[in-house]
Protein chains: 4
Amino acid sequence: MYVNVSKMAFDMLTSTKELRRPGRPRSDQSRKAILKSTLKLVEKYGFHELCIEDIAANAGVSKATVYRWWPNKAELVLDAFLSVVEAELHFERGIPIRNSLRAQMIRLSRLFSGKVGSVLSAVIGAGQSEPEMLATFRRRWIEPRRIEAKAILREAMDRGEIRSELSPDAILDVLYGAIYFRFLIGRDKLSDKFVDEVLNMVLPGLTTEKS
Amino acid sequence: MYVNVSKMAFDMLTSTKELRRPGRPRSDQSRKAILKSTLKLVEKYGFHELCIEDIAANAGVSKATVYRWWPNKAELVLDAFLSVVEAELHFERGIPIRNSLRAQMIRLSRLFSGKVGSVLSAVIGAGQSEPEMLATFRRRWIEPRRIEAKAILREAMDRGEIRSELSPDAILDVLYGAIYFRFLIGRDKLSDKFVDEVLNMVLPGLTTEKS
Amino acid sequence: MYVNVSKMAFDMLTSTKELRRPGRPRSDQSRKAILKSTLKLVEKYGFHELCIEDIAANAGVSKATVYRWWPNKAELVLDAFLSVVEAELHFERGIPIRNSLRAQMIRLSRLFSGKVGSVLSAVIGAGQSEPEMLATFRRRWIEPRRIEAKAILREAMDRGEIRSELSPDAILDVLYGAIYFRFLIGRDKLSDKFVDEVLNMVLPGLTTEKS
Amino acid sequence: MYVNVSKMAFDMLTSTKELRRPGRPRSDQSRKAILKSTLKLVEKYGFHELCIEDIAANAGVSKATVYRWWPNKAELVLDAFLSVVEAELHFERGIPIRNSLRAQMIRLSRLFSGKVGSVLSAVIGAGQSEPEMLATFRRRWIEPRRIEAKAILREAMDRGEIRSELSPDAILDVLYGAIYFRFLIGRDKLSDKFVDEVLNMVLPGLTTEKS
DNA sequence: CAATAATCGAGACGGTACGTCACGTCTTCTT
DNA sequence: AAGAAGACGTGACGTACCGTCTCGATTATTG
């Protein structure tokens, strides 16, 4: 991960079409096959049982090729996870805060219930004993979404929908904490209905109006 | 874990004080030394780096003795965790719901910030790829506390403090989800202040009075 | 082995019927069950794969009981072997040397081809890396028979059938070496015919007459 | 053993000098170090006490490398033995049979008395409970020598030195059985004198002339 | 008839080595 | 260079038996 980021950056800088590093270029086919195999196998076995030898074999790639581009299993799984979900789950802006939050939270909870859910839980689980991995996870998955969320919260505060003395971070910890808690630990399934329950409980405490 | 639970059950059934199973009895000294070493080492190295060979060596015990009583590292760590925290963190009853919740949530968040916090996160992390372990964790850690919590919520509903049409499980997912989320994923530290922020946001939505 | 020999000796000395040591006497049933199980399992698995835990389990006996009477697997197997064959295979005396040798060699080679053959080869095999065991084997199996054999050879020398300048030990090494060699290493099966081949080749060199 | 034999065969077939299998080639240095350490340790401790962990450590090699090429301790020791003695102990041809036999038997018995003797007895001992190993031992140690021996016996029969109605296998079982018997079981040491005793006893029965 | 003494079963214990697995690295030839 | 192949040293795994031990129960002799 670290490695390929820097090398990709180098490639981008230099490839004004002609300039590039000597030697055989990186096989994009291999890269994709590795990420695909990783996703497939982590869904099947979970992070713990997953082994890089199997990923390499499954991707028809040599082990050394995996290690050339990712420093360890954790980063690889994280990259595979992000390669699937990175672009999704934006907030709609300019609509009532409840609607915007609800729509995004429902899409998130459905994502958690699907195939990538098992990959996500594997990533967070592994992160509990690998601080660097958790940091990367936060930086590339949690933070981008939170920046957007804070923006719409700020807008809602400006419109007077949300009490502006509240901490946006605390608000989001409460709303999303409920979903993540049920996803990671809870026995109950995530559902659209649960999202509504959460919003019904929490929003009254955030709004300025006395309903 | 599974083994000794069933055997302990057997002991209890048969021990009208005098009856015991034949053969050399299990060494309680070894059992305690193993749990103690496990706690110590998991705090030091985290779950991932922890190895059973080290636990056995540190406890002055043979590897076989560890495997005789615990099927794998995860169960052992879980048992060690529970042996330390199992009896703690009850709710005070007969006082306003906010006070009771606040006191327990603060004690919980302080626990998370302390030494056992790292053991707990290791347990939950490992549980993400071992469903049985997570189930045991829920059964022996989450559920006992939740039963108490539901009882005080029910009392508060009876007293008219909490709207009785709300789902107790959802309420607890919101309140504790925030803490667990910040503990497991969040970048911000847990603090007494955060507990108050959560309660301030959530309780208004739960109460009957419109303040 | 060492233990029970001495204790048996003590028993013999003292049991002029009434005198015996205090405490629960040794269970002869267990002793026999152990030897029987040992024979059965060594035939089935060979010496190497044989384990004392299986012997004890098969004999319905505790492991400690086995170790109380035999110091190790080798001695136990040797004892089991000798308990079956010790009394057999004497030489007939007062008949022509060829007849006496032939009869005993044939009985021996048939014994080798039977069930105890596999036990014997296990014993000798194990003896190759345990000098004490091999010594006991020689003392209790090889030597008693060799003493008899030397006696009939001496008689034959006295009668003038065998050249008396020959070494009886060398004679027996040649005759029986052939059988043991074929038994332990050779690809060819032992047979009565082979015994005759050996005698036909060797006896002319031993006899005084020029046939 | 099985593995490398087949791979060596493959190498031989394909190595018209240039063709070789892909991947990192097997380290010949490791292979030799393992065989050397095996010999050294089996001489020192005997087969039974020998453990593969020690061999690997002594050879500065990983345990996995040992297991990659030899399926078990027995095959490894056998290979080590053969790597030392395989090329030795031929018969001289075109001389009187007695001389040829005597020279080879004396060299053999001296070999048995030396350092490799303990390895050989370990190999034969282990072979008693592992038929495949004994078969390999016969194929690679016994048979090649026996083929030569039969050739010189046949020549001697053609020359009229040996009675041609005798079975060469039986002759060799008698001659070499005596040596192996004394080596494996006998209490007496092997010596040049013993070889002469054996030949003096056996040859008269084999020869055509009446001396 | 109690006290003493040894054996018995069951089975837990500290050990040692097993043979396996995956790690991450390295060496070779090919693309 | 990058890639596939695959051998390498390393280290932990979980297992199997080792030979010893601690129990309560049993079976004898002795006082």
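In what follows, chains carry the letters A, B, and so on, assigned in the order in which the sequence lines appear, proteins first and then strands, with residues in each chain numbered from 1.
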How many Å lie between [atom1] on [X] and [atom2] on [N], as a whole number?
X	N	atom1	atom2	answer
Ile52(A)	dT25(E)	CD1	C1'	13 Å
Phe47(C)	dC18(F)	CZ	P	10 Å
Glu53(B)	dG14(F)	CD	P	10 Å
Asp54(A)	dG24(E)	CG	P	14 Å
Glu49(B)	dA22(E)	CD	P	18 Å
Ile55(A)	dC23(E)	CD1	C1'	13 Å
Arg68(A)	dT25(E)	CZ	C1'	12 Å
Asp28(B)	dC13(E)	CG	C1'	14 Å

Measure from the side chain of [X], starting at C-beta and using heavy atoms only, and say which of [options] lies closest.
X	options	result
Cys51(D)	dA25(F), dA17(E), dG19(E)	dA17(E)
Lys63(C)	dC18(E), dT20(F), dG6(F)	dT20(F)
Ala64(C)	dA5(F), dC18(F), dG11(E)	dG11(E)
Arg26(D)	dA12(E), dA7(F), dC17(F)	dA7(F)
Val61(C)	dC23(F), dG9(E), dA5(F)	dG9(E)

Item to check | Partner residues of Phe81(B) under the ring pair (Phe, Tyr, Trp, His ring centres under 6.0 Å) criterion, sequence neighbours left out | outcome: Trp141(B)
Just to confirm, is there a sub-4.0 Å distance from OP1 or OP2 of [N] to any side-chain nitrogen or oxygen of [X]?
X	N	answer
Ser30(B)	dG14(E)	yes
Ser62(A)	dG3(F)	no
Thr65(C)	dG9(E)	yes
Trp69(A)	dA1(F)	no

Could you check if a side-chain atom of [X] sits within less than 4.5 angstrom of a side-chain atom of [Y], using non-hydrogen atoms only?
X	Y	value
Trp70(D)	Leu78(D)	no
Arg31(B)	Asp28(B)	yes
Ile34(D)	Asn58(D)	no

Next on the checklist: Which is more 5' along DNA chain F, the nucleotide nearest Leu50(C) or the one nearest Gly23(D)? Just name the residue.
Outcome noted: Gly23(D)
Checklist outcome for this item: When Asn72(B) and Gly60(A) are each assigned the nearest nucleotide of DNA chain F, the 5'-most assignment goes to Gly60(A)
Item to check | Closest-nucleotide 5' rank along DNA chain E - winner of Ala59(C) and Tyr67(D) | outcome: Ala59(C)
Next on the checklist: Please determine whether any donor N or O and acceptor N or O are separated by less than 3.5 Å between the side chain of Arg24(D) and the base of dC26(E).
Outcome noted: yes
Item to check | Which atom of Met133(B) lies closest to which atom of Gly127(B), heavy atoms considered | outcome: SD-N, 4.0 Å
Item to check | Where Asn72(B) and Ile52(B) come nearest, the two heavy atoms and their spacing | outcome: C-CD1, 4.3 Å
